[in-house]
Participant: 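Have a look at this one.
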Amino acid sequence: MKKENKLKLILKAIFTDMFIWVYISGSVSFLINHWFEVTIPGLHIVIYGSVVGVILMICGISVGRKMFLSTKRINKKWYKTFWGWSVVLILFITFIVGWILVEVNPYKFFTKFTNTSGIMSGIFNPNLDILIVSLTALAETIYLALLATIFAIPFAFILSFFAARNLMPKTLIGNLVYIIIRTFATVFRSIEAIVWAIIFSVWVGIGPFAGMLALMIHSIAALTKLYSEQIENIDYGPVEAIKATGANTLQIWVFGVIPQIISPFLAFTIYRWDINVRMATIVGFVGGGGIGLLLLQQQQLLRWHNVGMIIWLIAVVVWIMDMVSAKVREKLRGM
Amino acid sequence: MKNIIEIKNLHKVYTGGTQALKGINLNVKEGEFCILLGLSGSGKTTFLRCLNRLIEPTSGEIIIDGENVIAAKGQKLRLIRRKIGMIFQQFNLIKNLSSLTNVLTGKLGYSSLLHSVVFSKNEKDVRIAMENLNRVSLKDLAENKIKNLSGGQQQRVAIARALMQNPKVILADEPVASLDPATADSVMKYLGDLNKKDKITIICSLHFLSLARKYGTRVVALKDGEIVFDGTPKEIDKKRFKEIYGEDAEEVEIR
Ligand SMILES: Nc1ncnc2c1ncn2[C@@H]1O[C@H](COP(=O)(O)OP(=O)(O)O)[C@@H](O)[C@H]1O
Ligand SMILES: [Mg+2]
């Protein structure tokens, strides 16, 4: 083994052990604080944890050493080793801390069902009087999802070609463009549509337009990624064959690349619309308009029979969208 | 007969340092059916792809039909490529399109920039495409999608596509290597036909000596990027065979 490699592995092992034991001492401190109301300063937690981690690593019985430095295959049963018990300790503590943080309370779950009588009776007795109002709001939601998808298509389509590794030239600029677009797509996608909705409801005011913009941004990012991955997976053979006939670059793209990607693109896009209809409901809650907004208002007014009506409508639409989109995608796969 | 292909001192070094071609000198006469033999890795694919610049040669000179291939750029290079049909081992057709549409792509080098954005199926092109499909006995399958065709049928569509270019030369890189022996022979028949009737010059790499003997008018063998044999198919006896394929090789007879 090379020297620098060995050093790297040792550092990795030490950091792993320090991390593990800082985590354990942090969790223990949390539990002490929770049960005995004794506060342990953060600096102490870090120092104790690190010291324990490093010592165990040096003693050669730690998890880090097992992960990165154990070369011999010793067939010792895990429960006869120290690292094995360390892992058990980590899992056990994580479970206890989780239980407390999430405020798990089985007692409430089994005894307070009657609290739901309002909403339950609402669901089983939906108020048909608000059918028209709800349908209007629902149309708003479906259309905003549709427009968000449609507006996202041209952006994602063009961006995806520049975000496909196999089409971008292997030059500095080519790589830069690829990396920038991919990074933006990843970042924008990891910001939930609900966050975009909050931003846009401030920007253009509460309503379906804000919701549409939120879903559009999210869809552009998501579709760019899906489209470009599809382009990266194309069969390069026909592209080369068309190049060999004397076709120019534009022709190569139009006749060699696009026919291969068009039906998966359509499938992704319809799937996206399906997702957008669901998201549009949620986005409505934070100022994106549509059925989500109506649901929020009725829930806050405790009008459970209206809430029941809305819930039924959402369920039916999501169910239909799901079925239709699955059918269409099934058809596209055969093309 | 004049030389339609003249290659002088052709070298190809891949990034990473592999010397795939080490100074190839070769003249091919108009109307020859030149078979390229050689073990895997001997440089056959590299050689054929250098001829239409799907791969950039490192150095050397290539003249095809009087045009300097190496110096050509942009539009000029595309006009040269137009004269050179190419057939691939994996057929390289667009699988979810029809045979006819695939054949039509062979005409792209002739169409204007405007035609390149919309797939205008111009009547004259369609007629020629149908003739070419007929040439390879596939007229009835014109509207069928490629993915529903057999390997042999796909390779014939690829031949029809190459014919759309009105090529002077056809380069075929192991065109029958993924076909069964009987189908392989029938596909080679079509290439032989083009060579005899249309006087298209063909360079075709093969693995089977029997096919080389049957269709080739000339055999060139590569070994480690160099020409180790150049002669007629008849001249390849046991001794020559071992020179090309190594001491341990035995000829397997494929009909
Ligand atoms: N894209 C490539 N990059 C690097 N080396 C390659 C590449 N393609 C082929 N080679 C190498 O060049 C040599 C010739 O390969 P190739 O032309 O494919 O031979 P053949 O077609 O006769 O099997 C081989 O050693 C192969 O490994
Ligand atoms: Mg090859």
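Keep in mind that the numbers below use all heavy atoms, side chains included, and drop hydrogens, waters and symmetry copies. Every chain is numbered from 1, with letters handed out A, B, ... down the list of sequences.
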Participant: Calculate, to the nearest 0.5 Å, the distance between atoms CE and OG1 belonging to B/Met86 and A/Thr245 respectively.
Facilitator: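 If we round to the nearest 0.5 Å, B/Met86:CE and A/Thr245:OG1 are 12.5 Å apart.
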Participant: Just how far is it from atom CD1 of A/Ile242 to atom CG of B/Asn92, taken to the nearest 0.5 Å?
Facilitator: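 Reported value, rounded in 0.5 Å steps: 10.0 Å.
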Participant: Working to the nearest 0.5 Å, report the span between NZ of A/Lys243 and CG of B/Leu108.
Facilitator: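 These two atoms lie 14.5 Å from each other.
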Participant: Between chain A and each of B/Leu79, B/Ile80, B/Leu93, count heavy-atom pairs under 4.5 Å; write down the option with the most.
Facilitator: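 The candidate making the most pairs under 4.5 Å is B/Leu93.
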Participant: Nearest heavy-atom pair of A/Gln251 and B/Ser111: which atoms, and what distance?
Facilitator: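 Looking at all heavy atoms of both residues, the shortest contact is NE2-OG, 3.0 Å.
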Participant: Using a 6.0 Å cut-off, check whether atom CZ of A/Phe68 has over 12 heavy atoms from anything other than its own residue.
Facilitator: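 Yes - once you tally the heavy atoms of other residues, nucleotides and ligands closer than 6.0 Å, there are more than 12.
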Participant: Heavy-atom cut-off 4.5 Å, strictly under: side chain, backbone, both or neither for B/Ile94 against chain A?
Facilitator: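 Looking at B/Ile94, backbone and side chain both touch chain A.
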Participant: Ignoring hydrogens, what is the shortest heavy-atom contact between A/Pro259 and B/Asn96? Give both atom names and the distance.
Facilitator: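 What the structure gives for the nearest pair is O-ND2, 2.9 Å.
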Participant: Do you know the tightest heavy-atom contact between A/Ala241 and B/Arg161?
Facilitator: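 Shortest heavy-atom contact: CB-NH2, 3.3 Å.
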Participant: How far apart are the closest heavy atoms of B/Asn52 and A/Ala244, and which atoms are they?
Facilitator: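 Shortest heavy-atom contact: ND2-CB, 3.7 Å.
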Participant: Looking at B/Lys139, I want to see if its NZ is surrounded by more than 12 non-hydrogen atoms of other residues, nucleotides or ligands under 6.0 Å.
Facilitator: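 It does not: B/Lys139 NZ has 12 such atoms or fewer within range.
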Participant: Nearest 0.5 Å please: distance from the CG atom of A/Asn248 over to the CZ atom of B/Arg81.
Facilitator: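 Atom-to-atom, A/Asn248:CG and B/Arg81:CZ are 11.0 Å apart.
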Participant: How about CZ on A/Phe161, more than 12 heavy atoms from neighbouring residues, nucleotides or ligands closer than 6.0 Å, or not?
Facilitator: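 Yes.
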Participant: Checking heavy atoms, do the side chain of B/Lys95, its backbone, both or neither come under 4.5 Å from chain A?
Facilitator: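 Contact with chain A is through the side chain of B/Lys95 alone.
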Participant: Around B/Glu123, counting heavy atoms of other residues, nucleotides and ligands shown, do more than 12 lie under 6.0 Å from its CD?
Facilitator: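 Atom CD in B/Glu123 is not packed in, count stays at 12 or less.
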Participant: Does B/Glu30 have any side chain to side chain contact (heavy atoms under 4.5 Å, CB included) partners at least two apart in sequence or in another chain, and if so, which?
Facilitator: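 Only B/Met1, B/Lys2, B/Ile4, B/Thr201 meet the side chain to side chain contact (heavy atoms under 4.5 Å, CB included) criterion with B/Glu30.
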Participant: With a strict 4.5 Å heavy-atom criterion, list every residue of residues 138-149 of chain A that contacts chain B, or say none.
Facilitator: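 When heavy atoms of chain B are the reference, residues 138-149 of chain A contributes no residue within the under-4.5 Å range.
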Participant: For B/Arg53, is it the side chain, the backbone, both or neither that has a heavy atom under 4.5 Å from a heavy atom of chain A?
Facilitator: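 Neither part.
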Participant: Non-hydrogen atoms of chain A under 4.5 Å away: do they reach the side chain of B/Gln165, the backbone, both or neither?
Facilitator: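 Just the side chain, heavy atoms under 4.5 Å.
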